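To start, the structure itself, in structure tokens.
Quantities reported herein were computed from a predicted structural model and do not represent experimental measurements.
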Amino acid sequence: MTIRRLPPELVSRIAAGEVVERPASAVKELVENAIDAGAAAIEIQADGGGLTRILVADDGTGLSPDELPIAVERHATSKLSAGPDGAFDLLRIATLGFRGEALPSIGSVARLQVTGRRAGEPAHSILVEGGAVGPVAPAAFAGGHGARVEVRDLFYATPARLKFMKSPRAEAQAIAEEVKRQAMAHAEVAFSLDLDGRRALRLPAEAAGEAGRLARLAAILGPDFADNALAIDQTRDGVRLIGHAGVPTFNRGNAAHQYLFVNGRPVRDRLLQGALRAAYADFLARDRHPVAALHLELDPTLVDVNVHPAKAEVRFRDPALVRGLIVGALRHALAGAGHRASTTVAAEALAGFRPGFGGPEWSPGPSAAGFSAWRAGGWRAETAVLEGVAEISARFEPPATGAAGGLAEPGATFDEVDYPLGAARAQLHETYIVAQTRDGVVIVDQHAAHERLVYERMKEGMAGGGVPRQALLMPQVVELDPAEAERVAARADELADLGLVVEPFGPGAVLVRETPAALGEADAAGLVRDIADDLAENGAALALKERLEHVAATMACHGSVRAGRRLTAPEMNALLRQMEATPHSGQCNHGRPTYVELKLADIERLFGRR
């Protein structure tokens, strides 16, 4: 077979297939160019799903007539600077675009017109049609300076690509999603988007800082997210994580509402998504997903953004550090939320009183069926530190504090309705506790609430005293790839803290001597192989941790107060006080809310009093 050189126009179209997969890809590249040019406001228009026409206009630095021909050449860019020796450093990328492929790639498959104007200079434009570059000519330009890029008949030069496009409506939705991601990444920039002549998005520029980021997120994700978002700001070894994440009960059925940014660049990264899932693993069922917008800020030399033509993926020099930072920061924020639950829980409850409302569908959590380690009556005897409601209520005494948290005046009595979850007034159907607060009513699912309390105590016990282990009668040899066996053996001390005792057994195997007692008759070989996969991908033994957490959640479900048990008033109040003092008590182990709070004003509206 003879080796041939491809013609330049074919090379450009192949490159365009990597960079411009669909109209939204073209919008992404053009918007990133505008942001890199220092734009304070960006206008986007798209017709026919972007296949007919795309316009991106900005008020950035603009382009001079001499720069226009170079801008549409392949691998020509202003985003990289040469060092003293004349070499370009691809490991220190401080801009969003740097490959110099966007404009020539779009121009090779569409009709592209680029108009630019620098401050104090006349405007000029250049036209590229199917890769053919026209001359630079004077042009009209509204505004003082900036750039205006118009793309018509996208993929007309490669008609086969049009067959793989979705409907114009679907492509327009993809453009809107891309603009939203860019807007969340750059809250200080104003964005406007028109689809087929209709206003789709208007986002004014926000102030720098947390307040501005949250205002931009509220404008895109809705005010409910702002009401239920936890602020994140943690730094570890020079890597900073900022952003907002929703409380666990504010969740979705898919991961489409998870937005991740690295140095201002929207990315879809398996490591970051896995860390987000691990942080919420204790609080959500597997088919529910958190809502979050997280920004990673780190030295450009610590992340490689040159691993994907569309710059949608990144690679970290220390992925374990990044993962640990995300998981630790999110769990710290969730712990700080205490017993807080989503405000939308009350809204859904109130909507349930209206005709025709079916209510939210909560997915079931992990099943307890087949759990071999738990035995009827055995768990309570073996875990005496896990108290029941009766034991807690026996020593419960109201604190001598006032409603504002300070010391009460001598002789004053404390009113329990001033507690966050109020004072218990009744028990309905031996399942639900009704409590009165100063300005409303709280309804608590006694089983779900106590399940979370028991689980949190179990986790404290595991963290404080280590995980109980059971020795195997016959140590088991697990065959692995030599590299996998070396990784597992190198983490033997960490695994021992989790209850799994392993040691090297030749170049391609490990010997398992002890397993966590909570796992019962565990599949040691399968567990070790899962751990080896986790170590290869994430640098941490997540499989074992998640299995232990799953078992602990199942144990907590069995060891908690069951629905149908009648509670006394002191027992109910004791449960409420424990919820107030326990992190994450706003949701059970499966992500369902443990209580619903109805404000008096909302109840009055139900009866037409307001």
Item checked: Residues which pass ring-ring contact (aromatic ring centres under 6.0 Å, His included) with His257, listed by chain and number, not counting sequence neighbours -> none
Next item on the list: With sequence neighbours excluded, tell me which residues meet salt bridge (Lys or Arg N to Asp or Glu O under 4.0 Å) with Glu210.
Entry: none
Donor-acceptor pairs are to be reported for all side-chain atoms of residues 109-116 against protein atoms at under 3.5 Å, with residues two or more places apart or in another chain.
unit_1	atom_1	unit_2	atom_2	d
Arg111	NE	Glu129	OE2	3.1
Arg111	NH1	Asp153	OD2	2.6

Item checked: Contacts of type ring-ring contact (aromatic ring centres under 6.0 Å, His included), residue Phe316, not counting sequence neighbours -> none
Next item on the list: Applying side-chain contact (heavy atoms from CB on, under 4.5 Å), name anything that partners Arg268, two or more places apart in sequence or on another chain.
Entry: Arg181
Check: Listed by chain and number, what are the side-chain contact (heavy atoms from CB on, under 4.5 Å) partners of Asn33, not counting sequence neighbours?
Finding: Lys79, Ala102, Leu103
Note to self: Is any side-chain heavy atom of Gln182 closer than 4.5 Å to one of Val189?
What the structure shows: no
Checklist line | For Asp196, side-chain contact (heavy atoms from CB on, under 4.5 Å) partners two or more places apart | finding: Asp47, Arg198
Margin query: Please list all pairs meeting side chain to side chain donor-acceptor pair (under 3.5 Å) that have one or both residues in residues 162-173, counting only residues at least two apart or in different chains.
Written below: Arg22-Glu171
Check: If you take all heavy atoms of Val20 and Ser105, which pair is closest and at what distance?
Finding: CG2-CB, 4.3 Å
Next item on the list: Run through Ile44, Val149, Leu96 and flag the one making a side-chain contact (heavy atoms from CB on, under 4.5 Å) with Val31.
Entry: Ile44
Next item on the list: Check side chain to side chain donor-acceptor pair (under 3.5 Å) between Asp233 and all other residues, then give those that pass, not counting sequence neighbours.
Entry: Arg240
Margin query: Which residues pass the side chain to side chain donor-acceptor pair (under 3.5 Å) test with Glu121, not counting sequence neighbours?
Written below: none
Next item on the list: Measure the spacing between CD1 of Ile326 and CD of Gln273 and express it to the nearest 0.5 Å.
Entry: 10.5 Å
Next item on the list: Just jot down the side-chain contact (heavy atoms from CB on, under 4.5 Å) partners of Arg199, sequence neighbours excluded, or say none.
Entry: Asp194, Arg202
Checklist line | Pairing residues for Tyr280 by the ring-ring contact (aromatic ring centres under 6.0 Å, His included) criterion, not counting sequence neighbours | finding: none
Next item on the list: Begin from the C-alpha positions of Asp299 and Thr301 and carry the test side-chain hydrogen bond (donor to acceptor under 3.5 Å, both in side chains) through to its verdict.
Entry: CA-CA 5 Å; Asp299 190 301; Thr301 60; 2.7 Å; yes
Notebook entry, point to check: So with a 6.0 Å cut-off around CZ of Arg315, is the heavy-atom count from everything else above 12?
Noted result: no
Next item on the list: Using a strict cut-off of less than 4.0 Å between a Lys/Arg side-chain nitrogen and an Asp/Glu carboxylate oxygen, indicate whether Glu597 and Lys599 qualify as a salt bridge.
Entry: yes
